[in-house]
Amino acid sequence: MKDDARRRVAELRTLIAHHDRRYHVLDDPEISDADYDLLVRELRALEAGHPELVTADSPTQRVGAGPATSFSVVVHRVPMLSLGNGFTDDDVRDFDRRVRKLLGSDAPVEYAAEPKLDGLAIALIYRDGSFAQAATRGDGGRGEDVTASVAQIRGVPQRLAGAAPALLEVRGEIFMPLAGFRRLNEEMTARGEKAFVNPRNAAAGSVRQLDPEVTRARPLELFIYGLGDVAPAAPPRRQSELLGWLRALGFATSPLAATVSGPEACLDYYRRLAAERASLPYQIDGVVYKVNDRQAQERLGFIAREPRWALAHKFPAEEAFTLLRDVEFQVGRTGVLTPVARLEPVFVGGATVSNATLHNMDEVARKDIRIGDTVVVRRAGDVIPEIVAVVAERRPADARRIELPAACPSCGSAVVREEGEAVARCTGGFRCKAQRREALKHFAGRRALDIDGLGDRIIDQLVERERVRSPADFYTLEAGDLANLDRMGAKSAQNLVAAIAGSRATTLPRVLLGLGIRDVGEATALALSRHFGDIEALMAADEAQVQQVPDVGPVVAAHVVRFFADSANRQLIGALRERGVRWPVVPVVREEEAPLAGLTFVLTGTLAALTREKATEALVALGAKVAGSVSKKTSFVVAGEDAGSKLDKARALGVPAIDEQALVAAIRERKPPPT
DNA sequence: GATCCTCGAGTTCT
DNA sequence: CTCGAGGATC
């Protein structure tokens with residue numbers, strides 16, 4: 001019986017891998033989505049019955065396994081980045097100052113400016129001049145494949161004009177003009193369907209359509225504003241010329257694009273667009289400035305996920321007045337008490353807002369917010385509601401001050417605010433139901449153990465009934481325990497049990513994150529895992545040893561050591577293991593032992609064999625750092641095709657330059673390149 | 001000791 | 001998305 005299960009599990013995994021490839025890689029599925037789901041479900045069920053057969057590489061362990069979400073995933077060959085935001089004139093001047101400082105020049109910088117459309121960012125790929133693929137931005141690294149629906153948009157050329165490169169990826173914005181938006185909403189209301197709240201949602205909803213015919217009927221337009229990738233590479237040297245080059249290939253670009261010089265000209269452009277905004281046939285939410293010289297862009301590079309050579313200068317967000325009815329204090333998983341404003345619901349920035357965080361008591365004091373006040377609300381970045389200010393003259397006589405409660409609203413334990421800290425915390429720890437509930441949600445969350453289907457609602461009920469007190473209790477749940485919860489049938493109870501069983505095979509960083517050690521997030525959990533390899537080594541370490549981990553200082557080290565000194569926490573880890581939670585030992589990368597430790601690389605020019613990302617990943621794995629600009633501390637500059645000023649600077653500073661082959665050799669042989 | 005950057009934690013709405 | 005704070009750097 002057991003051997004049968006083992007055999008069938010292996011068979012199912014092979015089958016699923018095969019169909020994944022047909023679907024995602026070859027784009028030529030052999031079986032229907034429903035049949036595919038059946039295979040996955042059978043595997044899940046078998047794994048649920050035999051947790052010892054669950055392995056980390058099982059398809060059930062993958063995030064968003066299979067085409068169940070109905071759009072397949074596209075990994076962007078060049079990440080689709082977001083832009084840094086500016087709101088004030090000084091933000092723009094600061095941006096310009098930083099650009100000049102980094103370029104080492106005092107000459108006025110030329111910028112390509114254009115309106116920032118309020119639509120949906122899209123990447124379009126053309127092969128040999130023919131439209132081949134469209135993908136949404138997604139999280140920047142991977143998006144959704146929307147090729148079929150985007151092909152129906154009239155502004156998307158099926159074939160490019162003139163001499164098109166073998167591979168071309170362009171980036172742009174799909175948007176719905178206001179007139180079309182109004183007409184569409186009239187039609188939809190007339191048909192008894194729900195209208196869209198704003199043109200951006202309408203555009204996004206129209207593109208994310210499984211039925212391309214629906215997209216075809218929607219009044220969508222497209223402006224292209226940039227390049228993702230091109231091979232062979234021959235695009236113009238300036239952003240402004242690039243737009244002309246793209247137009248010659250048959251793409252629409254913004255007719256309002258302009259070239260300006262220096263920050264004051266940027267601001268003039270901004271004011272001109274702000275004045276014109278109301279009369280434009282589509283919605284814009286700001287303007288974008290890009291350093292016009294693309295070689296200079298290259299030199300400026302990126303910080304985190306944002307290019308240093310571009311700025312989105314946003315128009316002020318739409319604001320609204322409403323009444324602050326009450327303030328409640330929420331308890332987070334670490335015990336932090338957060339004041340949350342309960343507002344008279346108000347429609348602002350495309351959604352109805354009824355709650356807004358006040359962050360902490362300092363913030364409340366700074367803005368002098370009181371219950372009963374009329375407040376100005378906006379959605380920061382058009383997403384998170386925020387109280388901007390109170391309207392002092394409308395304050396009623398009986399407005400109440402907001403007081404930090406002395407006792408936790410959930411468990412009644414004392415609330416303390418450490419000297420010099422902005423936040424107040426409940427001291428109840430694990431005895432506090434609210435902290436327990438939030439800690440359990442964190443454990444089950446996507447970044448930690450990723451237990452699909454174990455959402456807030458379910459956890460709330462399990463905590464309320466005291467059926468689950470610690471994360472280890474999840475692994476004792478049976479279908480019967482779940483089936484009598486609200487909104488839970490026998491079928492979904494079974495699925496959830498299977499998902500919990502599936503989460504047993506996991507990784508060390510996920511477990512470390514899930515434990516909820518103070519100040520240990522995703523990045524720190526990964527760094528700790530790489531350094532110690534397994535949890536026993538970490539538990540045995542003292543503060544000095546934990547501080548050896550990159551980016552871990554005295555504060556974080558103390559939190560880690562204190563966590564593992566607590567016998568309840570040691571027991572939790574034992575209990576998790578006992579109930580079948582498993583993770584492979586992580587290959588230890590000790591900084592001092594890593595072959596390229598202490599070396600800093602700078603990549604410049606176009607690499608042929610490797611992408612920039614791959615090269616960075618490989619170097620970091622070997623203990624090296626990869627920086628964006630050349631300095632005295634740079635160990636090697638890797639010069640690819642068309643290497644620019646970084647190479648010049650390296651020569652000036654006497655930094656050794658190597659070519660791509662030397663880089664590849666260094667990675668392969670795991671030793672520093674010869675100088 | 002000041003400054004820059006990155007990370008963590010908490011949050012909203014659909 | 002925002003704020004605060006820890007860590008690294010100059």
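Here is the naming used below: chain letters follow the sequence lines, and residue numbers restart at 1 for every chain.
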Exercise. Under 4.0 Å between a side-chain N/O of A/Thr334 and OP1 or OP2 of B/dG10, yes or no?
Worked result: yes
Exercise. Looking only at side-chain N and O atoms, does A/Asn360 come under 4.0 Å of OP1 or OP2 in C/dC3?
Worked result: no
For this session: Show the numbers, then the answer: is there a side chain to side chain contact (heavy atoms under 4.5 Å, CB included) between A/Val561 and A/Asp542?
Result: CA-CA 6 Å; A/Val561 170; A/Asp542 61 25; 5.6 Å; no
For this session: Establish, with yes or no, whether the OP1 or OP2 oxygen of B/dT11 is under 4.0 angstrom from a side-chain nitrogen or oxygen of A/Gln330.
Result: yes
Exercise. Checking all strands, does A/Arg425 fall into the base, sugar-phosphate, or nothing category for heavy-atom contacts under 4.0 angstrom?
Worked result: nothing
For this session: Output yes when at least one side-chain N/O atom of A/Arg518 is less than 4.0 Å from OP1 or OP2 of B/dG8, else no.
Result: no
Exercise. In whole angstroms, how far is the P atom of B/dT12 from the CZ atom of A/Arg378?
Worked result: 17 Å
Problem set entry | Residue pair A/Tyr270, A/Phe315: steps toward the ring-ring contact (aromatic ring centres under 6.0 Å, His included) verdict | CA-CA 9 Å; A/Tyr270 175 83; A/Phe315 293 132; 5.2 Å; yes
For this session: Counting Watson-Crick and G-U wobble pairs whose two distances are both under 3.5 Å, find the runs of 3 or more in a row that involve DNA chain B.
Result: B:1-10 with C:1-10
For this session: List for me each residue that meets side-chain hydrogen bond (donor to acceptor under 3.5 Å, both in side chains) alongside A/Arg93, sequence neighbours excluded, and say none if there are none.
Result: A/Asp90, A/Glu264
Problem set entry | A/Asp551 CG to C/dA5 P, straight-line distance once rounded to whole Å | 19 Å
Problem set entry | Below 4.0 Å: OP1/OP2 of B/dT14 and any side-chain N or O of A/Asn201 | no
Exercise. A/Leu178 versus A/Pro199: any side-chain heavy-atom pair under 4.5 Å?
Worked result: yes
For this session: Could you tell me whether the phosphate oxygens of B/dT12, OP1 or OP2, come under 4.0 Å of any side-chain nitrogen or oxygen in A/Thr357?
Result: no
Problem set entry | Rounded interatomic separation in angstrom, taking CZ from A/Arg333 and P from B/dT11 | 11 Å
For this session: Tell me what A/Val353 touches on the nucleic acid: a base, only sugar-phosphate, or nothing, going by heavy atoms under 4.0 Å.
Result: sugar-phosphate
Exercise. Taking CG from A/Asp285 and P from C/dC1, how many angstroms apart are they, rounded to a whole number?
Worked result: 11 Å
